[in-house]
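One structure is given here, and the rest of the page talks about it.
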Amino acid sequence: MADAQKIADTILVAVGILLSAMIIWRTWKKYMAFHNAPNMITMPGTAVFRDLKRGRHYIFVMHPEAFKRVPPGFKFCNLSIIDGADFRVREASDGSEIELEDCTGRYLVRFGGRRIRKTVPGVYSVRSFLMDREGDVELEVTGGNPEYMDAKVFISKSKLPLADTFKRSIGLIFLLILLLGAAQIVIMYLLEQAGIIVR
């Protein structure tokens with residue numbers, strides 16, 4: 001009789017591990033797709049970002065080392081990466097300039113909030129702009145600090161790129177744990193009603 005309970009628990013654990021692995025794998029694939037996105041450019045460079053939605057967008061700079069470390073070294077932002085860099089955004093259709101706002105210091109991606117040394121590579125938002133209609137825009141970056149010419153520049157709709165993906169994955173795993181717990185209660189109840197296990 002106890003064997004039935006062990007089998008049920010083993011099945012639930014196996015299902016939980018399998019589904020959690022699938023969620024983590026999907027999140028990893030999205031991270032790798034983001035990290036290797038073809039529209040990320042190095043300084044200096046130019047790229048066209050297509051089908052941007054209405055609303056505020058953010059220009060991010062990401063150094064290759066930013067995601068290669070683990071906490072506490074993950075708390076990186078380095079303003080010296082963009083020393084001497086100039087950012088311009090134009091409407092791709094007619095070449096008209098889009099006004100940029102300097103958001104350095106407002107939307108820094110800081111994990112932990114401690115003051116960071118300037119010598120540490122990082123990822124952070126440096127400019128923002130508002131689009132009043134959907135469309136394509138051209139991002140041009142000129143100049144920049146020669147020491148950090150391998151830094152990637154891209155446009156994001158989110159203040160924290162990939163944050164929604166990670167939050168969704170954590171939420172799914174938490175929901176999975178709750179569902180498996182509820183499933184275990186239901187299975188134990190059904191086994192008791194069937195007389196297979198007696199408490």
Side-chain angles (χ1 to χ4, degrees), residues 10-78 81-82 87 89 92 103 107-113 116 120-129 131 134-141 144 148-184:
T10 302
I11 292 173
L12 287 176
V13 169
V15 169
I17 292 173
L18 177 63
L19 293 177
S20 296
M22 289 172 61
I23 293 171
I24 293 171
W25 174 248
R26 188 179 65 176
T27 304
W28 175 253
K29 284 177 65 177
K30 287 185 177 180
Y31 162 72
M32 291 306 296
F34 164 78
H35 197 53
N36 299 311
N39 58 358
M40 288 186 179
I41 58 176
T42 54
M43 299 186 292
T46 303
V48 175
F49 292 78
R50 304 194 180 281
D51 300 322
L52 295 186
K53 306 299 182 184
R54 294 179 58 184
R56 186 158 295 279
H57 297 264
Y58 302 90
I59 299 174
F60 273 80
V61 174
M62 179 180 71
H63 192 274
E65 294 293 324
F67 289 126
K68 290 183 180 178
R69 310 191 188 197
V70 294
F74 193 56
K75 309 169 188 173
F76 294 163
C77 57
N78 180 3
I81 291 178
I82 60 168
F87 301 87
V89 174
C103 57
Y107 299 126
L108 293 178
V109 181
R110 283 184 198 264
F111 298 89
I116 309 299
V120 181
V123 51
Y124 54 92
S125 172
V126 295
R127 302 286 186 274
S128 69
F129 61 93
M131 291 189 66
E134 294 185 9
D136 304 340
V137 300
E138 179 187 77
L139 169 65
E140 180 185 14
V141 186
Y148 298 111
M149 285 302 179
D150 54 345
K152 300 288 187 178
V153 184
F154 61 98
I155 291 176
S156 170
K157 189 75 171 67
S158 170
K159 294 179 185 178
L160 295 172
L162 285 182
D164 291 341
T165 298
F166 285 115
K167 284 193 295 185
R168 191 177 300 113
S169 298
I170 292 171
L172 285 173
I173 291 175
F174 180 71
L175 179 61
L176 176 63
I177 292 171
L178 292 179
L179 290 175
L180 290 175
Q184 183 184 32

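Reckoned from all heavy atoms, side chains included, excluding hydrogens, waters and symmetry mates.
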Please step through side-chain contact (heavy atoms from CB on, under 4.5 Å) for the pair R26 and L172, ending with a clear verdict. CA-CA 12 Å; R26 188 179 65 176; L172 285 173; 3.1 Å; yes
Residue pairs, two or more places apart or on separate chains, that pass salt bridge (charged side-chain N to carboxylate O under 4.0 Å, His left out) and touch residues 171-184: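 Every candidate salt bridge (charged side-chain N to carboxylate O under 4.0 Å, His left out) pair involving residues 171-184 fails, so no pair, neighbours aside, qualifies.
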Test side chain to side chain donor-acceptor pair (under 3.5 Å) applied to D150 - qualifying residues, sequence neighbours left out: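 In terms of side chain to side chain donor-acceptor pair (under 3.5 Å), with neighbours along the sequence ignored, D150 is linked to no residue.
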Which distance, rounded to the nearest 0.5 Å, do you find between the [atom1] of [X] and the [atom2] of [Y]?
X	Y	atom1	atom2	answer
F87	M43	CZ	CE	6.0 Å
L176	I23	CG	CD1	5.5 Å
I173	T27	CD1	OG1	7.0 Å

Heavy-atom pair of closest approach, residues [X] and [Y]:
X	Y	answer
F154	F49	CA-CZ, 3.9 Å
D136	V48	CB-CG1, 4.3 Å
G144	M149	O-CE, 3.4 Å

Pairs under 3.5 angstrom only: tabulate donor-acceptor contacts from the side chains of residues 10-21 to other protein residues two or more places apart or in another chain.
| unit_1 | atom_1 | unit_2 | atom_2 | d |
| --- | --- | --- | --- | --- |
| T10 | OG1 | K6 | O | 2.7 |
| S20 | OG | G16 | O | 2.8 |

Mind checking side-chain contact (heavy atoms from CB on, under 4.5 Å) for I170 and listing every partner two or more places apart, or none if nothing turns up? none
Check side-chain contact (heavy atoms from CB on, under 4.5 Å) between K53 and all other residues, then give those that pass, not counting sequence neighbours.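 Here the qualifying residues are E134, K157.
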How about I59 and V153: do any of their side-chain heavy atoms sit closer than 4.5 Å?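 With C-beta onward as the side chain, the pair touches.
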Suppose we screen for ring-ring contact (aromatic ring centres under 6.0 Å, His included). Which residues come up paired with F129, at least two apart in sequence or across chains? H57
For M22, I'd like to know if atom CE has over 12 heavy atoms of other residues, nucleotides or ligands within 6.0 Å.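 12 or below, so no.
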